[in-house]
Every structure is written in structure tokens, then in C-alpha cells.
Amino acid sequence: METATQKKPVVSKPKKAKKIKLTKEQKRKQRKKMAGMWQLYFLLLLPIIYFIVFNYIPMYGAQIAFKDYLTIEGIWGSPWVGLKHFQRFIDSGMMWTLVKNTLSISLYALFMGLPFPVILALLFRYIPLKKYGKFIQSVTYAPHFISTVVMAGIIVEALNPRGGMIDTIVGLFGGDWETNLMGIPEAFSSVYVWSGIWQNMGFGAILYCAVLAGVDTTYHEAAMVDGATLAQRVWHIDIPFLVPQIVLSLILGMGNVLNVGFEKALLLQNTLNQSKSEMISTYVYKMGIAAALPDLSYTTAIGLFKSVIAFVLVVVVNKIARKYGEMSIW
Amino acid sequence: MNLKKFLKLGATILTLGAILTGCGGDEGNTSSVKEDILTESGYPIIKEGEEISISFFAPLRTSVTTYSSDVNPTTKHLEELTGVKMEFIEATNADQKQKFNVMMTGGDYTDVILQMSTSLSELALYGQQGIFIPLEDLIAEHAPNIQAALDAHPVVKNTWTLEDGHLYTIPRIGNSFHSEVPQRMWLNKQWLDNLGLEVPTTTEEFYQVLKAFKEKDANGNGDPNDEIPLSGSMAGWNTNPLPYFSNAFIANTTHSGYLNIDENDKVYFVKVTDEWKEFLKYMNKLYEDELIDPLLFSQTSDQLMKLGSNPGDTIMGATGGGSVSVFSHTTNYDVWNQYIALPPLTGPEGVRSAARNVDYGSAQLSITNACEHPEAVIRMFDYMYTEEGLLWSQFGEIGNDAIDIAPEGSLNIIGEPAKYERLPYDHVKDLNWNRMGPDYRPADYDLWFTAKENPAQDIEKVLYESAVNDYLPVAQDPSEIMPKIAFTTEESRIIVDTTTNMNSYIDQITAEFITGKKDIEENWSEYIEQLNKYGLQEYLAVQQAGYDRFINK
């Protein structure tokens with residue numbers, strides 16, 4: 001699907017398109033052209049409504065971060081309190097732990113998660129048993145559709161040192177697995193990330209498979225004629241084609257970096273690993289919705305604080321990507 | 001799109017949002033004067049030919065799948081009795097709190113809130129806003145049974161009456177004796193007999209018993225290594241064994257948040273005392289000798305159940321638990337009959353206590369300002385404060401799978417004639433409300449029912465005797481326990497903030513102290529320091545201020 005545009009992997013883009021002032025006549029022409037394609041604009045309406053309803057209207061509620069929200073007064077009527085709730089979060093002694101845990105787990109997940117789908121996609125591309133290729137691919141992406149609750153249950157049971165999967169396997173070789181991974185705070189991020197990689201690697205590979213399918217075979221034929229080995233072909237032809245997609249995934253992933261799979265973290269939490277598994281999102285949940293005394297203003301403030309960090313991260317990564325990778329989302 | 005247009009669009013969207021959300025608000029204040037459709041008193045509540053419908057928020061209880069009157073006989077009975085149509089917004093046990101919070105903060109709440117065990121802070125928060133309406137006058141006027149129960153239990157009544165003099169809830173009153181001292185230790189008597197050991201009475205003897213469980217082949221299957229001496233779970237009905245042991249070092253209870261009152265009326269936090277430190281050291285010794293299940297701190301209540309009901313050989317020596325049901329099905333006599341409810345142990349300093357869950361009642365019904373007929377609700381639930389109503393709520397119709405009239409001549413657990421017979425109905429659903437909402441258990445409640453023919457199979461008898469003979473006599477003196485008191489919203493915020501942060505830290509570090517990851521002596525001052533950083537002193541100051549108000553009242 002991307003064959004035509006992807007012909008040349010590394011395109012040197014014009015630095016900045018000059019803004020051209022349109023004349024009245026040109027503008028009129030443009031409008032006419034737009035009217036001619038009204039069906040397309042009509043289709044666009046749906047996502048726009050979606051974003052208005054789910055992303056813009058809720059922003060109106062974000063003001064309660066600066067208020068003491070009371071049900072009876074509503075969002076608009078609750079009294080303003082300035083930055084009180086932000087101050088409270090900073091003073092609570094939890095802020096740094098939360099930010100540190102959130103960032104370390106999500107960055108770990110983001111960077112560890114990048115290479116595996118790529119490797120898997122390359123394997124699919126070059127697997128000799130074409131007949132089983134589709135089957136293997138289905139098997140690898142099936143775990144993606146396991147719901148988070150079930151997934152967390154599987155992880156906890158698999159790691160159970162008393163009769164869990166690992167224990168059973170080690171037992172087959174006469175050993176006894178006694179390490180309780182769920183009880184070691186330092187192990188939490190690895191359990192979280194690697195189970196995530198296992199679950200999503202196959203699904204992530206689909207995207208890269210599509211890119212690889214679009215690579216013009218003439219490149220490979222030419223390389224083979226010149227005597228390139230398989231490794232050289234992968235390195236010099238496939239990888240450059242994949243890079244823009246990888247960078248894009250990275251930037252998009254960065255935007256979600258602070259939204260680490262909240263349900264999964266919550267479900268895998270226990271008393272022992274809490275010092276490393278408590279994240280902004282789980283904390284917001286505990287103080288806001290699940291709290292003994294719900295405090296929406298406070299948790300909205302924390303949420304807003306999180307959004308600001310996420311925004312900064314996206315901008316920074318985008319900048320870096322544009323500078324070094326010549327690839328960016330804006 | 002240029003910037004100007006973008007801003008314009010943004011402004012439009014914001015206004016639109018304001019309009020849309022603005023609509024949801026002020027619709028609650030409907031203090032109606034339509035009370036003339038109600039009868040003067042008694043049942044039915046609604047006059048012939050009239051019809052009213054009331055909405056209830058109600059979490060589902062075990063063995064109840066719905067409260068809808070099509071299915072649930074108790075609802076049907078109540079509707080027929082009162083003439084009121086009941087509509088339920090149901091929530092599962094797991095997400096009831098979240099649903100409730102979302103509903104209450106969103107502003108679109110039901111007429112009546114049931115079974116939420118609302119805290120005093122919540123009552124104050126919603127009461128002050130006018131969302132929950134005061135009930136004391138309505139009760140006095142329309143609910144003789146509720147009034148009588150409250151008058152008979154002044155502690156309950158005073159506890160739930162807030163600073164402003166209002167009662168925003170109808171408390172559930174009365175509990176079984178064993179619920180007052182629910183932190184029990186279950187010890188495998190069979191194993192003691194196998195090894196020829198006495199029932200331990202001190203912490204030191206208990207240590208020796210566990211050691212014997214560990215080293216010898218206590219279950220007699222030839223393998224000395226498959227016994228797990230002491231287990232439990234942090235998530236389960238009193239399955240955490242720590243409160244049982246800590247009461248051999250210092251009297252305390254989790255129900256007061258580990259706050260005790262000393263002889264000078266000062267509030268103090270048990271978990272920073274030297275006695276608590278000694279308790280941690282004792283637990284650490286057990287752990288170091290591998291007497292405690294390494295999964296204690298991370299396993300779920302299901303995992304504990306699996307461990308306790310291990311098919312084949314019994315592999316668990318002891319566990320904490322409110323009843324044997326936390327590690328075995330109550331019909332599985334062969335398993336749980338091996339265990340005894342171990343009486344409280346005496347610590348090295350001679351302390352012997354049991355955690356007391358003082359019965360303040362619990363807030364199980366509130367009426368919101370959305371309700372048009374509060375009087376009807378009050379009269380309806382007045383029924384639940386009668387013996388008949390309680391039986392309907394808890395068991396359903398007499399003669400069903402859960403309850404029957406006691407056969408002629410049958411006796412209760414203390415050998416007196418019984419009134420009713422409880423039947424095991426694990427497999428049957430939707431017979432009743434399983435005690436959802438407020439009700440009243442009088443003091444002789446435990447004695448209404450027949451005892452099982454084989455006393456060894458009667459878990460209620462076991463629990464009753466253990467509570468009355470062993471636990472209650474040594475349970476912590478109520479005057480030493482921080483009472484349940486009302487705080488202002490501002491104070492409540494401080495309490496919730498601090499406890500949320502502090503408790504997760506304490507849970508974690510307690511586990512680390514016990515498992516030996518952190519040395520208790522070495523890290524003790526750091527622990528206290530950290531707690532102060534989370535606001536322990538401010539928290540105690542708030543509690544002290546509240547307590548001073550309470551005793552001067």
C-alpha cells in the first residue's frame with residue numbers, strides 16, 4: 001500500500017514549505033474543488049466529532065484542577081482555589097516516586113518493545129517455510145487479543161513459585177523454582193515489560209510486515225546479482241525502509257509514555273512490589289475514583305500535571321527525530 | 001487553518017461543552033408536597049390506586065445475582081408489602097466503590113444508597129452539600145422499630161450523628177459475637193497430635209510448634225518437606241495473620257487504623273511503638289527460620305484457598321482467618337475439622353490481647369435529595385428492624401433452601417430451644433438479599449438457630465465458643481481504642497491523603513522488615529522519619545483534635 005511513496009527510503013525534504021498567499025480567485029477555485037469532494041469531507045466528519053466529544057469537551061472539566069470540586073455546585077460553580085492541588089501533590093512526598101516509576105517502566109517498555117516486532121517481521125519475510133508462515137503469524141499475534149484482566153491472571157499464575165508454569169518446567173529438570181518474582185519490587189518492571197513484549201510483538205509486527213511487503217523486489221534482485229548476503233540485504237535494504245515506521249512508532253509511543261497500561265499495572269500490584277509498581281495513573285485511580293473520599297480536583301490536577309510532562313516529551317522527541325532521522329510528525 | 005480560526009473554533013467548542021454539561025446540574029431540588037399519596041401508617045405505604053417508584057443503588061452480595069423483583073423473592077415480598085416499586089442500580093462487589101464515587105461526584109445519583117458502609121467523612125461531605133438528607137426526624141416520626149433499635153444502642157446513634165446534629169444514615173445494628181473479634185488463628189490440631197505436641201499458649205511455644213511442623217513430617221505422608229507451617233493472605237477476610245501476633249505484644253486493632261488512646265487521653269500510633277518493633281522482630285525470626293509462607297505477602301485469597309484445600313495431603317499448618325471458610329469450604333469437614341481456633345497467645349512481656357472490632361454499626365442506607373418520598377423509604381426499611389424483616393433480608397422466605405422453622409425439640413448452640421434452622425445453600429442463588437442494606441440483629445440473634453447434630457460440623461458453634469470463651473475476655477478495652485468520630489471535610493482530606501501514602505509505605509516496609517530485606521534495628525529511625533515525611537504528625541494532630549472534641553461532647 002505504500003509502494004509508490006516509499007520508493008526512496010531517505011528523502012531529503014524541503015526544509016520549510018514557503019507559505020504562499022492565495023489570491024481571491026485561487027481561493028474560490030480551491031473551495032470549488034473542496035465542494036466537489038464533499039463525500040470525503042463528510043467521512044472526515046465522524047473522526048472530528050469523535051475528537052470533539054471525547055477529547056475537547058472533557059477539557060472543559062479540567063478546570064476543576066484549580067477548584068475545590070463539589071457535586072452540588074457542579075464544574076462551573078465550584079470555588080476557585082488556584083494552584084492548591086498542585087502544591088499538595090508536590091508536597092505529598094509521592095511525586096518523585098510516581099514520576100520515576102512511571103517514566104522508567106514506560107521508557108523501558110517503549111525502547112525494549114521497538115526491536116522485537118521488527119525482528120519478527122524480518123523473520124516472517126525470510127522464513128523458508130512459506131506454507132506455515134501465515135499460521136505462525138496468527139499464532140504470534142493471537143496473545144494480543146487476550147484481555148488485560150486475563151493476562152494479569154496468567155502472569156501471576158505462571159510466576160507462582162508454587163505450582164506455576166516456571167516452577168513446573170524447572171521441576172521437570174529436577175529443580176525447584178523458589179523465586180517469587182511478583183514479590184520483588186525490582187523485578188516488577190521486567191515482568192511488566194517482557195510480558196507486554198510477548199503479548200504484543202506479533203501484532204506490532206503486522207505493521208512492519210506491510211512495509212516489507214512494499215519493498216520493491218528489484219532492490220533485492222540487484223543486490224543479489226552484486227553478491228550481497230542475506231544479512232547485507234536486510235541491513236542495507238530492509239532496515240532503511242523500516243526506519244521511518246520505527247521512528248513514527250517511537251514518537252507516537254512517546255505521547256502515550258505516561259499512560260502506561262494502567263489496568264495491567266493495577267492488577268499486577270501487590271503489597272511487596274508497590275514501591276516500584278505505583279504509577280501516576282494507578283495513584284490517580286486510588287485517590288480519585290477508588291478512594292475512601294473521592295477527590296476529583298486533586299486527581300485532575302495530577303492528571304493535568306501528567307499531560308504537561310507527556311506533551312514536553314513528545315515535543316522533545318519530535319525535535320530529536322527531525323534533527324537526526326529526518327522524520328517527524330510535524 | 002490559521003491561528004485566529006483555530007482559536008475561534010476552540011472557543012465555540014468550549015462554549016458548546018459548557019452548555020452541554022451545564023444541563024446536567026441543578027435538577028435535584030424537588031422537595032415535593034405529594035406526600036398525600038402515602039397512607040397514615042403501617043403497610044402498605046401507598047394508598048390504593050397510587051403508584052410510586054424509588055431507585056436504589058445496591059452492591060450485589062454473595063449468592064445474589066440481582067435484586068430485581070422478577071427474580072428476587074425478598075424484593076418481591078417488600079414490593080407487595082409496601083406497594084412501592086423498587087428499581088435497582090446494581091454493582092459488583094469489586095467495583096461498587098468506584099461506581100458509587102462516580103455516581104456521587106457526577107451528580108446523577110439514585111434516590112437511595114444502600115449497603116455502601118459509608119464513612120463518617122463521606123456522610124459529612126455529602127450531608128453538608130445537601131445531597132444526603134437528615135433522617136433523625138423522619139425516623140422519630142415514621143419508624144418506631146428503627147427508633148427503638150437506636151435508643152437501645154446509644155453508642156451507635158451518637159457515632160453516626162454528625163457535628164451538625166444530623167443523622168444522614170440508618171446504621172445497621174448488631175452483629176454476631178464472633179464478628180467483634182474476627183482476627184483468629186487457625187492451627188492444625190491434627191498435626192499437633194501427630195507430633196505429640198501441646199496446644200501452644202505463648203509466642204515462644206507457637207514458634208516451637210511451627211518449627212516442629214517445618215522439620216518433621218507433620219502430615220505423616222513420609223515427606224518432611226511438604227509442610228507449610230504458617231500461611232495467610234493480605235487480601236481476604238482477616239486472613240492476614242499479623243494482627244493476631246501483634247496483639248501478643250501490644251493491644252491494637254486494624255479497625256481504628258492502629259490508633260490507641262493512652263491513659264492521658266493522648267492518641268498514639270501503634271506501628272511506631274517499641275512493642276511493635278519487638279513484634280516485627282518476632283515475625284522476622286519466624287521468617288528467617290522459614291516458618292512463614294514466602295507467598296504470604298503476595299498471594300491472593302484464592303491462592304490461600306487452594307493451599308488450604310490442597311487435594312490429598314494437608315500441607316498448611318496455620319493461617320489467619322475470620323472463619324474456616326477462607327481456606328476450606330464449610331461443607332468440607334474432613335479438612336477444616338483438623339484445625340482449631342487457637343486462643344490468643346501470651347507474648348514475652350505477658351501481653352495477651354485480641355483485636356476488637358467495636359460494633360459502632362455501619363452506615364447502610366442514605367437518602368439523597370433526588371428522592372421524592374423519603375418518608376416511604378424510611379417506613380419501608382423500618383420493616384428490616386423487625387425479626388421478620390431481618391429473616392427476609394438475610395435468608396428469604398421461611399421454608400426455602402436457606403431457612404426453616406426449627407423442628408420440635410431442637411436446641412441452639414447453648415442447649416436451649418431454637419426457633420429456626422439454618423440450611424446450607426452454597427449452590428442456590430437469589431433466595432434473599434443476603435443481608436443487603438440496614439437491619440437489626442438483637443443480642444440473642446446467635447441463639448435463634450438450631451445447632452448441628454454433630455457439633456464438630458457446626459462452624460457457627462465453633463466460632464461462637466471461640467469468641468465468647470477465648471477471644472472476647474482478653475480483647476482490647478474499648479476505652480483504649482480510638483473511637484469512630486466525625487471529622488470536617490478539610491480534616492478528612494488530610495486523613496485520606498496521609499493514610500493512602502503512609503499505608504502503602506507501611507505495608508511495603510513491614511513486609512521488608514519481616515522478610516529480612518531490611519534490618520529492623522538499623523532502619524527503624526529511617527522508617528519513623530519517612531512516616532513523618534508522609535505527614536504522620538499532622539495526621540495524629542488531626543486525630544487528637546477530633547478525639548478531644550469527642551470526649552468533651
Side-chain angles (χ1 to χ4, degrees), chain A residues 19 51-53 55-61 64 68-77 88-89 91-94 97 153 156-157 159-163 176 178-185 269-276 278 283 285-298, chain B residues 10 13-14 16-18 20-22 24-26 28 95 97-98 100-102 104-107 109 119 121-122 125-126 128-131 228 234-235 293-295 297-300 303 306-307 369 489 492-493 495-501 504-505 507-512 515 530 533-535:
Chain A
K19 254 227 166 113
F51 280 109
I52 290 176
V53 171
N55 291 359
Y56 283 91
I57 293 182
M59 274 191 219
Y60 161 74
I64 64 169
D68 264 341
Y69 176 71
L70 287 175
T71 314
I72 209 81
E73 305 285 352
I75 294 176
W76 195 249
R88 209 169 122 206
F89 182 50
D91 292 342
S92 72
M94 289 298 289
T97 325
V156 170
E157 276 308 314
L159 297 181
N160 186 355
R162 194 180 296 133
D176 190 10
E178 297 215 326
T179 322
N180 179 17
L181 278 177
M182 293 310 299
I184 306 170
Q269 253 178 20
N270 61 43
T271 319
L272 283 177
N273 63 28
Q274 212 157 27
S275 65
K276 297 284 176 202
E278 191 77 286
Y283 187 71
Y285 172 76
K286 283 180 194 169
M287 296 298 290
I289 295 179
L293 200 61
D295 195 346
L296 295 198
S297 289
Y298 182 45
Chain B
I13 291 166
L14 281 185
L16 190 69
L20 284 179
T21 8
D26 343 80
D95 68 359
K97 189 74 196 171
Q98 292 88 310
F100 172 72
N101 280 348
V102 168
M104 293 312 290
T105 47
Y109 34 75
S119 69
S121 319
E122 284 174 300
L125 177 67
Y126 300 126
Q128 279 160 11
Q129 293 184 56
I131 296 177
I228 291 158
M234 293 290 132
D293 186 348
L295 295 190
F297 293 101
S298 58
Q299 75 182 348
T300 62
Q303 284 172 306
K306 245 165 71 185
L307 179 73
N369 59 358
T489 308
S492 303
R493 291 261 184 256
I495 292 172
V496 172
D497 264 21
T498 340
T499 43
T500 311
N501 298 341
S504 65
Y505 170 72
D507 286 349
Q508 161 110 27
I509 197 142
T510 304
E512 287 177 347
T515 55
Q530 189 63 37
K533 224 173 97 189
Y534 283 134

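From a predicted model like this one, the values you see are computed outputs, not experimental measurements. Hydrogens, waters and symmetry mates are skipped; everything else that's a heavy atom, side chains included, is used.
One distance of note links OG1 of A:Thr71 with CG of B:Leu125; it measures 6.5 Å at 0.5 Å rounding. Note that the CG atom of A:Asn270 and the CE atom of B:Met234 stand 10.5 Å from one another [nearest 0.5 Å]. Within the model, atoms CZ of A:Arg162 and CD of B:Gln299 stand 6.0 Å from one another, a figure rounded to the nearest 0.5 Å. In this structure, B:Thr300 OG1 and A:Met182 CE are separated by 11.0 Å, a value rounded to the nearest 0.5 Å. Residue B:Asn369 holds its CG atom at 5.0 Å from CD1 of A:Ile72, rounded to the nearest 0.5 Å. Note that the CG atom of B:Asp95 and the CD1 atom of A:Ile289 stand 11.0 Å from one another [nearest 0.5 Å].
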Please report the C-alpha distance between A:Asn273 and B:Phe297 in whole Å, then the side-chain angles of each, then the deciding distance to 0.1 Å, and finally whether the side chain to side chain contact (heavy atoms under 4.5 Å, CB included) criterion is met. CA-CA 10 Å; A:Asn273 63 28; B:Phe297 293 101; over 6 Å; no
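Contact count versus chain A (heavy atoms, under 4.5 Å) is highest, among B:Gln303, B:Arg493, B:Lys97, for B:Arg493. Between chain A and the options B:Asn501, B:Asp507, B:Ile509, heavy-atom pairs under 4.5 Å are most frequent for B:Asn501. Counting heavy-atom pairs closer than 4.5 Å to chain B, the top-ranked of the candidates A:Gly74, A:Gly183, A:Ser275 is A:Ser275. Among B:Thr515, B:Thr498, B:Ile228, B:Thr499, the residue with the largest count of heavy-atom pairs under 4.5 Å with chain A is B:Ile228. Most heavy-atom pairs under 4.5 Å with chain B, from the set A:Glu178, A:Gln274, A:Lys286, A:Glu278: that is A:Gln274.
Within the 4.5 angstrom heavy-atom criterion, only side-chain atoms of A:Asn160, from C-beta onward, approach chain B. Neither the backbone nor the side chain of A:Gln269 has a heavy atom closer than 4.5 Å to any heavy atom of chain B. With a 4.5 angstrom heavy-atom cutoff, A:Leu296 touches chain B only via side-chain atoms. Heavy atoms closer than 4.5 Å to chain A are found nowhere in B:Phe100, neither backbone nor side chain. Both the backbone and the side chain of A:Asp295 come within contact range of chain B, judged by heavy atoms closer than 4.5 Å. With a 4.5 Å cut-off on non-hydrogen atoms, B:Leu307 touches chain A through its side chain but not through its backbone. The contact between B:Thr105 and chain A is made by backbone and side chain atoms together, counting heavy-atom distances below 4.5 Å.
By the 4.5 Å heavy-atom criterion applied to side chains, B:Asp497 and A:Ser92 are not counted as neighbours. Residues A:Asn180 and B:Pro294 fail the side-chain proximity criterion, which asks for heavy atoms closer than 4.5 Å.
When every heavy atom of B:Gln508 is checked against every heavy atom of A:Leu272, the shortest pair comes out as NE2-O, 3.2 Å.
Partner of A:Pro294 under the side chain to side chain contact (heavy atoms under 4.5 Å, CB included) criterion, chosen from B:Asn101, B:Val102, B:Val496: B:Asn101.
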